[in-house]
Amino acid sequence: MIDLAQYAEIKNLLDRIEAIEGGLTPNEKRRYLDMKGLYSEPCQVAFGDVRMLEVILRNVEIRKHYAIDKDKDTERTISFGRARRRAPR
């Protein structure tokens with residue numbers, strides 16, 4: 001049985017993201033478009049999809065608040081140095 005309340009919630013989030021689609025990073029836009037296609041017809045909502053869309057909305061608001069330009073500002077990178085691994089004891 002399809003949970004229509006969850007489906008309505010995800011459709012609402014997709015509509016909200018559609019209004020700000022220009023502010024999405026490439027990976028956010030790819031996930032949004034995948035989910036938009038997946039939920040074009042009523043179906044069971046997968047675990048975590050609602051939270052993921054909420055995180056995308058939150059990220060766009062954070063970038064807007066801190067005036068971070070998704071196209072100009074460098075992406076966050078983490079450098080993992082090449083450390084020697086110890087042998088197990």
Side-chain angles (χ1 to χ4, degrees):
M1 187 72 155
I2 297 172
D3 185 350
L4 292 178
Q6 261 193 334
Y7 181 73
E9 182 179 7
I10 206 156
K11 289 299 281 184
N12 179 37
L13 289 168
L14 288 169
D15 290 342
R16 288 174 54 195
I17 291 175
E18 184 175 17
I20 58 168
E21 189 175 349
L24 300 176
T25 60
N27 60 335
E28 291 170 341
K29 188 169 186 172
R30 185 172 46 252
R31 283 303 294 159
Y32 159 70
L33 293 174
D34 288 346
M35 293 181 76
K36 185 178 177 182
L38 178 66
Y39 294 113
S40 61
E41 297 290 325
C43 62
Q44 187 65 36
V45 175
F47 178 78
D49 284 353
V50 170
R51 300 302 160 253
M52 183 174 42
L53 291 176
E54 289 172 342
V55 168
I56 290 172
L57 284 168
R58 184 203 62 191
N59 288 346
V60 171
E61 286 300 313
I62 289 171
R63 286 194 298 269
K64 187 168 83 174
H65 177 73
Y66 287 105
I68 298 172
D69 186 347
K70 67 175 182 65
D71 297 321
K72 292 181 190 171
D73 295 324
T74 59
E75 295 182 18
R76 178 177 176 221
T77 58
I78 300 172
S79 176
F80 296 103
R82 298 197 60 133
R84 292 183 63 190
R85 298 181 106 183
R86 290 185 179 177
R89 292 182 182 202

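These values consider heavy atoms only, across backbone and side chains, with no hydrogens, waters or symmetry-generated copies.
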Heavy atoms only: give me the nearest Met35-Leu14 pair and the separation to one decimal. O-CD1, 4.1 Å
Do you know the tightest heavy-atom contact between Cys43 and Leu38?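 Heavy atoms of Cys43 and Leu38 come nearest at SG-O, 3.8 Å.
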For side chain to side chain contact (heavy atoms under 4.5 Å, CB included), just list the numbers for Glu21 and Leu33, CA-CA rounded to whole Å, side-chain angles, deciding distance to a tenth of an Å, and then say yes or no. CA-CA 10 Å; Glu21 189 175 349; Leu33 293 174; 4.1 Å; yes
Roughly how far, to the nearest 0.5 Å, is [atom2] of [Y] from [atom1] of [X]?
| X | Y | atom1 | atom2 | value |
| --- | --- | --- | --- | --- |
| Gln6 | Asp49 | CD | CG | 9.5 Å |
| Ile17 | Leu53 | CD1 | CG | 4.5 Å |
| Ile56 | Leu13 | CD1 | CG | 9.5 Å |
| Ile20 | Arg63 | CD1 | CZ | 8.5 Å |
| Asp3 | Ile10 | CG | CD1 | 11.0 Å |

Look at atom NZ of Lys29 and say whether more than 12 heavy atoms of other residues, nucleotides or ligands are closer to it than 6.0 Å.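 Open: at most 12 neighbouring heavy atoms sit under 6.0 Å from NZ of Lys29.
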Take a 6.0 Å sphere around CD of Gln44 and say whether it holds more than 12 heavy atoms from other residues, nucleotides or ligands. yes
Side chain to side chain contact (heavy atoms under 4.5 Å, CB included) between Lys36 and Glu18, worked out: CA-CA 9 Å; Lys36 185 178 177 182; Glu18 184 175 17; 3.6 Å; yes
Just do the salt bridge (charged side-chain N to carboxylate O under 4.0 Å, His left out) check on Arg51 and Glu54 with the steps written out, would you? CA-CA 5 Å; Arg51 300 302 160 253; Glu54 289 172 342; 3.2 Å; yes
Could you tell me whether a side-chain N or O of Tyr7 sits under 3.5 Å from a main-chain N or O of Tyr39, the two making a donor and an acceptor? yes
Glu28 and Arg31: CA distance, side-chain angles, deciding distance, salt bridge (charged side-chain N to carboxylate O under 4.0 Å, His left out) verdict: CA-CA 5 Å; Glu28 291 170 341; Arg31 283 303 294 159; over 6 Å; no
Other cluster members, Ile68 - Ile/Leu/Val/Met/Phe/Trp/Tyr, side-chain contacts below 4.5 Å: Ile62, Tyr66
